[in-house]
2 protein chains.
Amino acid sequence: MTDSTGPDPVGIRAVSELTGLSLDTLRWYEREGLLPLVERSDGGQRRYPPAAIRFIRLVQVLRRTGMPVDDVRDFVQMGSGLEWHGARTALLEQRAAAIEEQIAQLHQDLAVVREKIAHHRDLQQRGLDCEDEIAAAAPHSGGAGQRPETNGDGHA
Amino acid sequence: MTDSTGPDPVGIRAVSELTGLSLDTLRWYEREGLLPLVERSDGGQRRYPPAAIRFIRLVQVLRRTGMPVDDVRDFVQMGSGLEWHGARTALLEQRAAAIEEQIAQLHQDLAVVREKIAHHRDLQQRGLDCEDEIAAAAPHSGGAGQRPETNGDGHA
DNA sequence: ATTTGCGCTGGAGTGCACTCCACCTCCTAC
DNA sequence: GTAGGAGGTGGAGTGCACTCCAGCGCAAAT
């Protein structure tokens, strides 16, 4: 070991830039008990060892995928003992399942949007519009498409 | 036409059940200008023609994929004229791109969670735990894993 | 015709996740 | 030593998207 006592003094600012979380959010997460591994310098400043930073990344994943802060805290505060291992794993598996659902939903939604786009292109091509996409009032518009009562549409 | 004057009297309750949006949310969306095609019965009750319902589904997609209500309104209130066609299409394309990003992000996040799960299984197998997943205090736990200063970890 | 209840409206209230603020301390540069 | 700025704390404030409510009218059932 040449100089292995390198204390890597990673402060809150660095972590903020590293993670994209604001300074306030980092401090708030910590108060809320989401960030256990953060240490303090002599003068009371936050120091983030590598493990803390990795932990923050996990918390970000959980939050980003829609887990409420309260639930993240529950997860975080589970003990490290083996009794909790099952619970932790179960929770992670739930999250994985939730993420998969979200992905599936987004694929559906994406398909809908794409379909609308195609529909629009098609309509534009032939200079029409359709009740599906007309909006409320078009004050500046020349009222190009005041639909009368055309109500014989197919389906979705 | 045998009896084609069927007015399909679809009320707010039916739409609520159909879409999963609450009664309040449906009314609120309408006040906010997100739902243009809703009509009223003689006595002032909301009536949702098929086009309105389809429109609601589109709004749901936009909201679900993270578009703020204000932006949905902007989209909705674009005129139906051709001048707006480009804007509408552009907006939808932006949304499609945003959804793709979200899917990509979720795939990443899913990978992280899966990795953690595997890691957990591995640790459990050998009866260990690691600083990555220890939490704060485990009051009822027998304090099974009080890490001393083990700080020589690999990466991620 | 009366009861029962659904639906309407405007406005107030809620929950969540931050974000801002004032005031203080500590550290760094000069 | 002193000035300036980063960082710390507790608490208040904000923005968003609903959600709840009181008071009223219309409707369907009896």
Side-chain angles (χ1 to χ4, degrees), chain A residues 7-49 52-53 56-77 95 98 109, chain B residues 7-49 52-53 56-77 95 98 109:
Chain A
D8 51 287
V10 181
I12 192 168
R13 186 159 301 269
V15 174
S16 171
E17 276 154 18
L18 214 59
T19 60
L21 295 173
S22 76
L23 301 175
D24 272 324
T25 299
L26 282 168
R27 291 194 270 249
W28 182 70
Y29 275 7
E30 198 180 334
R31 279 193 223 169
E32 291 294 307
L34 307 200
L35 306 182
L37 302 171
V38 181
E39 295 168 3
R40 295 306 176 109
S41 78
D42 226 10
Q45 288 184 217
R46 289 173 177 79
R47 289 293 174 253
Y48 298 80
I53 294 173
I56 291 172
R57 293 215 187 277
L58 177 58
V59 169
Q60 282 188 287
V61 167
L62 297 178
R63 289 287 305 113
R64 214 170 21 221
T65 61
M67 183 181 285
V69 166
D70 284 7
D71 292 10
V72 175
R73 184 181 19 248
D74 290 348
F75 172 74
V76 166
Q77 310 227 325
R95 198 91 303 259
D109 291 346
Chain B
D8 52 286
V10 181
I12 192 169
R13 185 159 302 270
V15 174
S16 171
E17 276 154 18
L18 214 58
T19 60
L21 295 173
S22 77
L23 302 174
D24 273 323
T25 298
L26 282 168
R27 291 194 269 249
W28 181 70
Y29 275 8
E30 197 180 333
R31 279 193 225 170
E32 290 294 307
L34 308 201
L35 306 182
L37 302 170
V38 181
E39 294 168 4
R40 296 304 177 110
S41 79
D42 225 10
Q45 289 184 217
R46 289 173 177 80
R47 289 294 175 253
Y48 298 81
I53 294 173
I56 290 172
R57 293 216 188 277
L58 176 58
V59 168
Q60 283 189 286
V61 168
L62 297 179
R63 289 288 305 114
R64 216 171 18 225
T65 60
M67 182 180 285
V69 166
D70 284 8
D71 292 11
V72 175
R73 185 182 17 249
D74 290 348
F75 172 74
V76 165
Q77 310 228 326
R95 197 90 303 260
D109 291 346

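To find a chain, count down the sequence lines: A is the first, B the second, and so on, and within it residues start at 1.
Considering only residues two or more places apart in sequence or on other chains, B:Arg64 meets the salt bridge (Lys or Arg N to Asp or Glu O under 4.0 Å) condition with A:Asp109. In this view, B:Gln60 satisfies the side-chain hydrogen bond (donor to acceptor under 3.5 Å, both in side chains) rule with no residue, not counting sequence neighbours. For A:Arg73, the side-chain hydrogen bond (donor to acceptor under 3.5 Å, both in side chains) test picks out A:Glu32, A:Asp70, with sequence neighbours left out. Applying the side chain to side chain contact (heavy atoms under 4.5 Å, CB included) criterion to A:Val72, with sequence neighbours excluded, gives A:Leu34, A:Val59, A:Leu62, A:Arg63, A:Met67, A:Val76. Residues meeting the side-chain hydrogen bond (donor to acceptor under 3.5 Å, both in side chains) test with B:Arg31, sequence neighbours left out: none.
The list of side chain to side chain donor-acceptor pair (under 3.5 Å) pairs with a residue in residues 9-24 of chain B, not counting sequence neighbours, reads B:Ser22-B:Thr25.
Rounded to an integer number of Å, the gap from CD1 of A:Ile12 to C1' of D:dA6 is 11 Å. Rounded to whole Å, the distance from CD on B:Glu17 to C1' on C:dC6 is 13 Å.
In this structure the side chain of A:Val38 never reaches within 4.5 angstrom of the side chain of A:Ile12, judged on heavy atoms.
If you check every strand for non-hydrogen atoms under 4.0 Å, B:Arg27 touches a base.
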Counting primed atoms plus P, OP1 and OP2 as sugar-phosphate and everything else as base, spell out the protein contacts along nucleotides 23-30 of chain D at 4.0 Å heavy-atom distance: B, S or - for each nucleotide, 5' to 3'. ---SS---
When every nucleotide of nucleotides 12-21 of chain C is labelled 5' to 3' by its protein contacts under 4.0 Å (heavy atoms), B for base, S for sugar-phosphate only, - for none, what sequence of letters results? -----SBBB-
Using the rule given for side chain to side chain contact (heavy atoms under 4.5 Å, CB included), can you reason through A:Leu18 versus A:Arg57, listing the C-alpha separation, both sets of side-chain angles and the distance that settles it, and then say yes or no? CA-CA 10 Å; A:Leu18 214 59; A:Arg57 293 215 187 277; 3.8 Å; yes
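Neither OP1 nor OP2 of C:dC6 sits under 4.0 Å from any side-chain N or O of B:Arg13.
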